[in-house]
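I have placed the structure first, in the form of structure tokens, so that the comments after it can refer back to it.
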Protein chains: 2
Amino acid sequence: MSWASEIEGLNRIEPGARATLERDSRRVTVPAGTVVFGPGAQADNLIVVLRGAVRVQHVSESGRQIVLYRVNPGETCIMTTACLMAHEAYSAEGVTETEVDAVMVPRRTFDTMIGLSSDFRTFVFDAYAQRMTDLFLLIEDVAFQRMDIRLAQKLLELSKGAGSVGTTHQQLAAELGTAREVISRLLQEFRRRGLITSARGEIVLNDAAGLRNLAATD
Amino acid sequence: MSWASEIEGLNRIEPGARATLERDSRRVTVPAGTVVFGPGAQADNLIVVLRGAVRVQHVSESGRQIVLYRVNPGETCIMTTACLMAHEAYSAEGVTETEVDAVMVPRRTFDTMIGLSSDFRTFVFDAYAQRMTDLFLLIEDVAFQRMDIRLAQKLLELSKGAGSVGTTHQQLAAELGTAREVISRLLQEFRRRGLITSARGEIVLNDAAGLRNLAATD
DNA sequence: TATGTTTGGTGACTTGGTCACAGACGCGCG
DNA sequence: CGCGCGTCTGTGACCAAGTCACCAAACATA
């Protein structure tokens, strides 16, 4: 029940506010691959992720995709509240990448908490700031960065220190907002240079240092 | 003094909260071309624009620019508070496009107001939501939209119904995050098709309907 | 008028996106 | 097993966009 103590930014919240928060919110477990919010689906809760990750992505009419950011444990999907309040059309969707444990804070409780606790306000504004800067960095990347560098960075990010990444070219294209053919050609070049080896749905990072070196070429 | 009454979202604020807000905040006038915030400049105030416009843009190390959004009258530059709270490096800068009348709400007052007034909270969250959706649309544009369509849209937007736009090719490139040469070539094509005529620093929209038609080609 | 700066134009080249299609692999089913 | 079928990857041709180098016209002002 006492989930708030596990979360950076909420663990030292005022006792009264914390009681309200934990009493009024509901803990859920969602299987992998679930669309937790998206166009048409009105979200009436602030979602705080405890375990797993939610991928937030944009899908254009032409079918092309780009991943905007991920919501990791201890983070909150603040977009839902913002977009709800503004009654704007939701142009992004959230999909669970793994099984996810999360807490749903009802809109009403959220509003009460904001008035009640300055720690909670800080938590919420930090979340906004984090997403904003994520989006700023993404815009810079998409507008100005070469695709080979972005791909090298993404491979290192997705591998998380492990020596390989289990994704298809199509999935990588959706991550970076480009076309599959572009990924195929770049991976071929990486392979030629000995940076990776690859099989169907699997990319092995043979020379992570070399990739890091490429990724650092700003 | 009673500036809050002029602002959509603050005009029906609770009387007590409104008194606090107007007592503690300071009205300023800033000349055109002033950098009101940017890398290194710590902002300690929430800024609400009353008259004029602030352009928020990103400048990359390579010197290329892109305009992220504009803060118009009645709107607030919420980014400053967010980035201040997160203590993140500020990767964007704000420049006044015209002479600007604005209100500076100190950080302390901002925090008090958030706790005091639900109307003020709504105002703030609406502002966040607005910026977020702006950034989402920008990402979609940059990632997926053809440059000729983006340029046509931008010309119509900047002309604001008037028949012409007084900007250089370089400025348009900075708006859209591309290179001057690309703008020059596209404008040449527009000219060839009779959509515009142009002189040094001036573009005349001869066929606004034609441009709108092009811009609508999603 | 002379001179330097800003603005715009152009060609050659590289990178990235689109389209069409083909081969390779995995898997179920007769 | 052999056969289809869907998914994944490779490839060539072409177009769109960004980069680089350079030039010419317009303007500012001494």
Side-chain angles (χ1 to χ4, degrees), chain A residues 33 58-66 139-155 164-193 196-204 214-215 217-218, chain B residues 33 58-66 139-155 164-193 196-204 214-215 217-218:
Chain A
H58 175 89
V59 184
S60 77
E61 319 84 37
S62 60
R64 272 177 66 188
Q65 295 186 8
I66 187 166
I139 288 170
E140 167 157 32
D141 253 34
V142 171
F144 302 134
Q145 195 65 283
R146 290 175 51 99
M147 196 55 80
D148 53 354
I149 292 170
R150 293 180 59 205
L151 178 55
Q153 289 170 342
K154 189 56 78 173
L155 287 175
S164 67
V165 184
T167 47
T168 66
H169 297 190
Q170 183 59 64
Q171 284 173 315
L172 285 169
E175 285 280 338
L176 297 171
T178 182
R180 180 193 56 80
E181 295 92 318
V182 175
I183 300 294
S184 290
R185 282 193 270 260
L186 289 175
L187 287 177
Q188 213 161 12
E189 174 63 15
F190 286 1
R191 218 160 34 204
R192 197 191 61 72
R193 290 201 244 164
I196 62 166
T197 52
S198 69
R200 193 186 170 93
E202 186 78 15
I203 295 163
V204 180
L214 174 61
T217 314
D218 277 309
Chain B
H58 175 88
V59 185
S60 76
E61 318 85 36
S62 59
R64 274 177 63 187
Q65 293 185 10
I66 187 166
I139 288 171
E140 168 158 31
D141 254 32
V142 172
F144 303 133
Q145 195 65 284
R146 288 173 52 100
M147 195 56 78
D148 54 353
I149 292 170
R150 292 180 59 205
L151 178 55
Q153 289 170 342
K154 187 57 76 174
L155 287 175
S164 67
V165 184
T167 47
T168 66
H169 296 190
Q170 183 59 62
Q171 284 172 315
L172 285 170
E175 285 280 337
L176 297 171
T178 182
R180 180 193 55 82
E181 295 93 315
V182 175
I183 300 294
S184 289
R185 281 194 267 260
L186 288 174
L187 286 178
Q188 212 161 13
E189 174 65 16
F190 286 2
R191 217 162 34 206
R192 197 191 59 73
R193 290 200 244 165
I196 63 167
T197 51
S198 68
R200 192 187 172 91
E202 186 78 15
I203 296 162
V204 180
L214 174 61
T217 314
D218 277 309

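Chain A is the first sequence line, chain B the second, and so forth, proteins listed ahead of strands; every chain is numbered from 1. Worth knowing before you read on, the calculation uses all heavy atoms, side chains too, and leaves out hydrogens, waters and symmetry mates.
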Task: Atom-pair distance (CZ on A/R200; P on D/dC8), nearest Å - done: 7 Å
Open item on the list: I'd like to know whether B/E189 forms a salt bridge (Lys or Arg N to Asp or Glu O under 4.0 Å) with B/R193, so could you lay out the CA-CA distance, the side-chain angles of the two residues, the decisive distance to 0.1 Å, and finally the verdict.
Closed with: CA-CA 6 Å; B/E189 174 65 16; B/R193 290 200 244 165; 3.2 Å; yes
Task: Residue-phosphate contact under 4.0 Å: A/R191 side-chain N/O, D/dG10 OP1/OP2 - done: yes
TODO: Have a look at A/R146 and say if it touches a base, only the backbone sugar-phosphate, or nothing, with a 4.0 Å heavy-atom cut-off.
DONE: sugar-phosphate
Open item on the list: So if I take every side-chain heavy atom of B/E181 and compare against D/dG10, D/dC20, D/dA13, which nucleotide ends up nearest?
Closed with: D/dC20
Open item on the list: A side-chain contact here means heavy atoms from C-beta on lying under 4.5 Å apart; do A/I183 and A/L176 qualify?
Closed with: yes
Task: Spacing between A/E189 atom CD and D/dT11 atom C1', to the nearest angstrom - done: 15 Å
Task: pair A/R150-A/V142: side-chain heavy atoms closer than 4.5 Å - done: yes
Open item on the list: Applying a 4.0 Å non-hydrogen cut-off, can you work out what A/S198 is touching in the nucleic acid: base, sugar-phosphate, or nothing?
Closed with: nothing
- [ ] Round to the nearest Å and state the distance from B/L214 atom CG to D/dA16 atom C1'.
- [x] 14 Å
- [ ] Enumerate, in order of first residue number, the stems that involve DNA chain C, defined as 3 or more consecutive Watson-Crick or G-U wobble pairs with both distances under 3.5 Å.
- [x] C:1-30 with D:1-30
Task: Shortest non-hydrogen contact from B/H169 toward B/S184 - done: ND1-OG, 2.9 Å
Task: Nearest-angstrom distance from the residue atom CZ of B/R185 to P of D/dG18 - done: 10 Å
- [ ] Starting at CG of B/L172, measure out to CG of B/L151 and round the result to the nearest 0.5 Å.
- [x] 6.0 Å
Task: Interatomic distance, B/R64 CZ vs D/dC20 P [rounded to whole Å] - done: 10 Å
Open item on the list: Just the rounded figure in Å: distance from C1' of D/dA16 to CE of A/M147.
Closed with: 14 Å
TODO: Return the 5'-most residue of the pair A/L186, B/G201 with respect to DNA chain C, ranking by each residue's nearest nucleotide.
DONE: B/G201
- [ ] Would you grab the first and last nucleotide of DNA chain C (5' to 3') that comes under 4.0 Å of any non-hydrogen atom in chain B?
- [x] C/dT6 to C/dA12
Task: Heavy-atom side-chain proximity of A/H58 to B/I139 below 4.5 angstrom - done: no
Task: Side chains of A/E140 and B/E61 in contact at under 4.5 Å (non-hydrogen atoms) - done: yes
TODO: Determine, step by step, whether B/I203 and B/F190 satisfy the side chain to side chain contact (heavy atoms under 4.5 Å, CB included) criterion, reporting the C-alpha distance in whole Å, the side-chain angles of both residues, the deciding distance to 0.1 Å, and the verdict.
DONE: CA-CA 11 Å; B/I203 296 162; B/F190 286 2; over 6 Å; no
Task: Heavy-atom pair with the smallest gap, counting every atom of A/L214 and A/D148 - done: CD2-O, 4.2 Å
Task: Integer-rounded Å distance: D/dT7 P and A/R180 CZ - done: 13 Å
Task: Pair B/S164-B/E202, side-chain donor/acceptor within less than 3.5 Å - done: yes
Task: Taking every non-hydrogen atom, the tightest pair across B/T197 and B/R191 - done: CA-CG, 4.3 Å
TODO: Report yes if the side chains of B/E175 and B/T167 come closer than 4.5 Å at any heavy-atom pair, otherwise no.
DONE: no
Open item on the list: Below 4.0 angstrom, which residues in residues 165-177 of chain B have at least one non-hydrogen atom near DNA chain D?
Closed with: none
